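The next block holds one structure in the form of structure tokens; read it before the comments.
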Amino acid sequence: MKKILSLVIVLALVVACCVCVSGTAKAEGKLVGVSMPTQDLQRWNQDGANMEKQLKEAGYEVELLYAANDIPTQVSQVETMIADGCQVLVIASIDGDSLGTVLAQAKEAGIPVIAYDRLIMNSDAVTYYATFDNWLVGVKQGEFIRDALKLDEAEGPFNIEFITGDPGDNNINFFFDGAMSILTPYLESGKLVCPSGQTEKAVVATANWATDAAQARFENILSSYYADGTKLDAVLCSNDSTSLGVQNALKANYTGEWPVLTGQDCDILSTISMLEGTQSMSVFKDTRTLAAQVVTMVTAILEGTEPEINDTETYDNGTGIIPSFLCEPVACTPDMIQELLVDSGYYTAAELGL
Ligand code: BGC
């Protein structure tokens, strides 16, 4: 009986191995192009590294290029990927509207394109979109401010300012509008007041999501509207890099009680700020999960099967709805850092100075 059992186990292992080998064998020699916007921001380094690691583990060859936030560089890198024979392109665009021409070449060559994290606009070459639920990111930030200021119970009014990201990034339409869907009723009722009057997306946008630009705009706001001692209660910051700019401006130019500040990405610097108490929350988007989802998408495409999709309504890129997979973002507060970011292996305790 024991012998039969061992035989069965051995056979099962052999079959499992064969399945495994044939899985990677199918991927072998296939080249996947991964185009990332910049190495300046921590998250894209993680995204690129996770994609490369997981694609290689699945047996693919990878051409990973970063474009230094320069649109012509990204265009020429994608051209290179097409010329090098990439069979699928995974692209996190710098500017959603600038890749139409080069992607027309990809389409011509029959190369499927996955828009990664940011939707590529006005191009019918985009096959699928994989991202986080960007609207929900904004909603979580708005809800955090609502709850932290107790907008439903407290008398107010409370002063708030707004800052979002690059106007060429379609995601800001979801981050900002999602947050505003929660906060607008309080602005309308007068419980929230924006002393600078800067509430329009185009006005509160930040080119390239740059910390310096966020800081400069905020220094202006502080000197123009808060120098007389006006209290600032909250700043809706769409992500961590803009939040850091606001924090820098506040540290040098504001002496009142520290306001509630949101963020997104759980970048190391912002996570440390949360531990130090200068950022109230961030939104954790586990780039390992997104990369894993995109690797299964690539495999399905190359094997001629249907990739897993969970949204066919939200993301119209101007040529129609792009079938999407939305991963789930998680609101992270300082008390959650250990479990969410350290215990899960996303960061080591040492990286956070713990
Ligand atoms: C991403 C955010 C990121 C921002 C700046 C957005 O498209 O979704 O996670 O913070 O770009 O890089």
Side-chain angles (χ1 to χ4, degrees), residues 35-51 66-71 74 90-99 114-121 126 129-141 163-179 201 204-215 236-247 261-271 273-274 279 281-291 293-294 314-315 317 322 324-332 341 346:
S35 168
M36 289 284 145
T38 174
Q39 285 193 292
D40 292 353
L41 244 81
Q42 187 200 319
R43 76 151 289 185
W44 303 111
N45 293 287
Q46 272 166 318
D47 286 279
N50 287 332
M51 281 299 299
Y66 290 91
N69 257 341
D70 182 56
I71 297 168
Q74 186 163 47
V90 178
I91 304 174
S93 55
I94 297 168
D95 179 304
D97 257 312
S98 304
L99 295 172
I114 300 173
Y116 183 99
D117 193 80
R118 299 172 171 172
L119 187 56
I120 298 166
M121 306 303 288
V126 182
Y129 181 35
T131 189
F132 287 84
D133 187 331
N134 296 309
W135 179 267
L136 197 56
V137 168
V139 165
K140 284 180 189 288
Q141 294 167 336
I163 188 152
T164 192
D166 192 90
D169 182 348
N170 182 55
N171 284 351
I172 73 164
N173 298 317
F174 291 81
F175 300 151
F176 189 71
D177 295 352
K201 192 162 41 199
V204 304
T206 311
N208 279 333
W209 296 89
T211 298
D212 289 359
Q215 180 173 340
L236 171 81
C237 308
S238 282
N239 86 331
D240 284 350
S241 60
T242 52
S243 181
L244 286 179
V246 173
Q247 290 172 52
L261 290 189
T262 61
Q264 168 183 198
D265 291 334
C266 289
D267 277 353
I268 290 183
L269 285 178
S270 275
T271 306
S273 296
M274 282 198 277
Q279 186 172 319
M281 64 88 75
S282 189
V283 178
F284 181 45
K285 304 195 300 186
D286 193 330
T287 54
R288 295 169 299 191
T289 316
L290 180 58
Q293 197 61 43
V294 174
T314 312
Y315 288 98
N317 83 339
I322 306 299
S324 308
F325 189 94
L326 312 185
C327 302
E328 196 166 335
V330 179
C332 176
L341 303 177
Y346 204 70

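Being a predicted model, the structure only gives us computed values, none of them experimental. Remember, it's 1-based here, ligands and their atoms both numbered in the order they're listed.
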Only one of Phe174, Trp135, Phe325 passes ring-ring contact (aromatic ring centres under 6.0 Å, His included) with Tyr315, and that residue is Phe174
For atom 4 (C) of ligand 1, the closest protein heavy atom turns out to be Trp209 CE2, 3.5 Å
Could you tell me whether the side chains of Gln279 and Asp240 share a donor-acceptor contact shorter than 3.5 Å? yes
Got a sec, which residues hit salt bridge (charged side-chain N to carboxylate O under 4.0 Å, His left out) with Asp166, two or more places apart in sequence or on another chain? none
To which protein heavy atom is atom 3 (C) of ligand 1 closest, and what is the distance rounded to 0.1 Å? Asp265 OD2, 3.4 Å
Protein contact to atom 11 (O) of ligand 1 [nearest heavy atom, distance to 0.1 Å]: Arg118 NH2, 2.9 Å
Do NZ/NE/NH1/NH2 and the carboxylate oxygens of Asp177 and Lys201 come within less than 4.0 Å? yes
For atom 8 (O) of ligand 1, the protein heavy atom that lies nearest, with its residue and separation: Asp117 OD2, 2.7 Å
Report, in ascending order of atom number, the atoms of ligand 1 lying under 4.0 Å from any heavy atom of Asp169. 6 (C), 7 (O), 11 (O)
Kindly write out the residues that satisfy side-chain contact (heavy atoms from CB on, under 4.5 Å) with Thr38, not counting sequence neighbours, or none if the list is empty. Asp40, Trp44, Asn69
Can you list the ligand 1 atoms lying under 4.0 Å from a non-hydrogen atom of Lys285? 1 (C), 2 (C), 8 (O), 9 (O)
Nearest-contact summary for atom 12 (O) of ligand 1 - protein heavy atom, Å: Trp44 NE1, 2.9 Å
